[in-house]
Amino acid sequence: MAAGGRGLIRALHSSPCPAWKRAQSGANGRLKPEYDAVVIGAGHNGLVAAAYLQRLGVNTAVFERRHVIGGAAVTEEIIPGFKFSRASYLLSLLRPQIYTDLELKKHGLKLHLRDPYSFTPMLEEGTLSRLPRSLLLGTDMAANQKQISQFSRKDAQVGKAFPKYEEFMKRLVLAIDPLLDAAPVDTAAFRHGSLLQRLRALSTLKPLLKAGRTLGAQLPQYYEVLTAPISKVLDQWFESEPLKATLATDAVIGAMTSPHTPGSGYVLLHHVMGSLEGMQGAWSYVQGGMGALSDAIANSAATHGASIFTEKTVAKVQMNSEGRVQGVTLQDGDEVRSRVVLSCASPQVTFLELTPQEWLPGAFVKRISQLDTQSPVTKINVAVDRLPNFQAAPNAPGDKPQAHHQCSIHLNCEDTLLLHQAFEDAKGGLPSQKPMIELCIPSSLDPTLAPPGCHVVSLFTQYTPYTLAGGKVWDEQEKNTYADKVFDCIEAYAPGFKRSVLARDILTPPDLERIFGLPGGNIFHGAMSLDQLYFARPVPQHSDYRCPVQGLYLCGSGAHPGGGVMGAAGRNAAHVVLRDLKNM
């Protein structure tokens, strides 16, 4: 069984040779000594920023250290014949403006929308006449209520708790949505800025005021959603543990938090605020894997003249004698001049490794070094020779995918106490004894990802600490021991799963950091806690994408509005850069 897959991995593209790749062999593929803008890192945010800048006439180059673009949104053939979304694996949060402005459909993006979208099987003793129960949720509210009624008639019918909850959350999403598409309020400008800067800062208050008007008299209840433990919020709405635990997974996924942690409600909101092709809250698989999304964005940028270079590592941000950015130095020694530099790398890499420390205030460096980047995530990519066969929903004859196979399948999620105990294990430096598992089978909707009859399985699991107790390290033995535990859990729900496994790729927090540049393995580039959001992302006084040195901007998930395959940070940063370039 391949644990790391080294030597077998190759990048894949959504077409034999996408437009951005073809451009590398033409004029745009020749490195020039100078550009208007340089983007460090071809993660999806960096590509979005480059696409917007280039479309508006800013000559832009993107430098990516890996052999493949996309950051965590990549497709890689870890196992011959099996194409994996190796890190990010679902799409929902991508801002609709980006989808439209960059003409991503025209540039090859194809989506497989999922409905139903959530499946939580129970570990129960079944009989010949009665299967173990499961909870299947989708867009059909009547069907949802029927499913919920298996566990609580009150949650399903009396007062229509679930439909009301859905409407309540949609209103909060509606209020927060405009805040995602602009820089946070510039508080420093109110205190120290010129009259013009203060007037501009006033305009940034509009989304906040609009949010307040949208929430109206219910603002206190919504404030509680953002600040309270999600378990407390869900307890006020429902009595059914399977329903509460299923909903709570969106509040803790990717976060080193428990459902009982104050503020966990915001992460839930972050995961339900997406919209695809006009469908609020929709989640989809990308045809060809997540790398196809990155290719589409890169194609849009390249079509307008952007230059995208792979295996070109930026070693240092160049400064002039006055403390202004003047370009970058590459690891191979090449120097590239530019008027501005945008970094899609994490705040830690950008400011603690790439930027000359003598130009950064000590207090700023200290705040960056203290950012919470704890991650609970181990991602396991699995090649199987048949579909998982769940006891709660046995496979159909011929092993054809059924509705639940396209869902996010939640295992060890029957009760919020299970999630909390998994978190408690990791707090002590131990991998969870019963990990929270989100199992997805993208090949159930996209057969191009695997050979006929076979499938790719994505396991997003937690909680696994970055640093293990007792001086242990994440060596191959520890990785395989944990993966075996995960597979044992799946086997309990879907007997025969372990026999179906052909190979696997195990990515612990240190692996996610090393391969994808995710600090601490954190998929959001830093915790999505209230003390690291909005005004305070990445740190207070520097949430507007600008940095303490002139000409350097942060455009990755470490900037507002945070992580997820959203593109908002890249788009917002590009607009800030465009305004500043006009004033240079």
Side-chain angles (χ1 to χ4, degrees), residues 72 86-90 229-231 245-268 270-271 346 348 371-381 408 410-413 415-440 458-470 472-474 478-479 481-487 489-490 505-533 557-558 562-564:
R86 199 177 183 200
S88 301
Y89 55 102
L90 285 168
I230 194 59
S231 57
T246 297
L247 297 174
T249 60
D250 277 335
V252 299
I253 195 162
M256 187 60 89
T257 57
S258 156
H260 301 329
T261 303
S264 50
Y266 179 78
V267 180
L268 179 144
H270 187 78
H271 284 99
S346 69
Q348 292 88 337
L371 290 175
D372 177 7
T373 59
Q374 292 182 88
S375 168
V377 173
T378 288
K379 175 83 188 297
I380 307 175
N381 299 296
S408 291
H410 306 286
L411 307 180
N412 292 336
C413 297
D415 191 304
T416 52
L417 285 177
L418 278 174
L419 306 183
H420 178 68
Q421 186 55 58
F423 166 75
E424 287 291 315
D425 292 343
K427 272 182 65 180
L430 301 172
S432 303
Q433 287 301 306
K434 294 192 73 173
M436 180 184 113
I437 302 168
E438 181 169 295
L439 184 155
C440 291
S458 165
L459 303 175
F460 195 87
T461 77
Q462 55 190 80
Y463 297 77
T464 51
Y466 185 97
T467 304
L468 296 171
K472 292 183 177 180
V473 296
W474 281 110
E478 288 294 332
K479 288 165 68 170
T481 297
Y482 174 72
D484 288 344
K485 184 187 303 179
V486 171
F487 283 27
C489 291
I490 299 171
D505 171 56
I506 308 164
L507 301 173
T508 62
D511 295 316
L512 293 168
E513 180 176 65
R514 173 178 54 84
I515 297 169
F516 300 107
L518 302 174
N522 191 291
I523 63 172
F524 305 121
H525 279 197
M528 297 286 286
S529 51
L530 293 178
D531 62 324
Q532 289 186 185
L533 289 172
S557 293

Within this structure, what is the CD1-OG1 distance for the pair Ile230 and Thr249, rounded to the nearest 0.5 Å?
10.5 Å
How long is the gap from NZ on Lys434 to CG on Asn412, to the nearest 0.5 Å?
5.0 Å
How long is the span from the NZ atom in Lys379 to the OH atom in Tyr89, to the nearest 0.5 Å?
7.0 Å
Mind checking whether Glu513 and Thr508 have side chains closer than 4.5 Å, heavy atoms only?
no
Is it true that Thr461 and Tyr482 share a donor-acceptor pair across their side chains at a distance under 3.5 Å?
yes
On a heavy-atom basis, the closest approach of Leu419 and Cys413 is CD2-SG, 4.0 Å
Measure the OG-NE2 distance between Ser258 and His420 for me, rounded to the nearest 0.5 Å.
4.5 Å
Partners of Phe423 by ring pair (Phe, Tyr, Trp, His ring centres under 6.0 Å), sequence neighbours excluded?
Tyr463
Are Leu459 and Glu438 side-chain neighbours, meaning at least one heavy-atom pair lies under 4.5 Å?
no
Nearest 0.5 Å please: distance from the OG atom of Ser88 over to the CG atom of Leu518.
8.0 Å
Gln462 and Ile253 have their tightest heavy-atom pair at OE1-CA, 3.4 Å
Option from Thr378, Ile380, Val377 for which side chain to side chain contact (heavy atoms under 4.5 Å, CB included) with Phe460 holds:
Val377
Return the minimal non-hydrogen interatomic distance between Ala469 and Gly428, and the atom names on each side.
CB-O, 3.5 Å
Output the distance between atom CG (Leu430) and atom OG1 (Thr464), rounded to the nearest 0.5 Å.
11.5 Å
Taking every heavy atom of Ser529 against every heavy atom of Asp531, the minimum-distance pair comes out as OG-OD1, 2.5 Å
Does a donor on one side chain sit under 3.5 Å from an acceptor on the other, for His260 and Ser231?
yes
Got Leu507 and Arg86 here, is their nearest side-chain heavy-atom distance under 4.5 Å?
yes
Looking at every heavy atom in both Pro376 and Ala255, which two are closest together, and how far apart are they?
CG-O, 3.3 Å
Do you know the tightest heavy-atom contact between Pro229 and Pro259?
CB-O, 3.5 Å
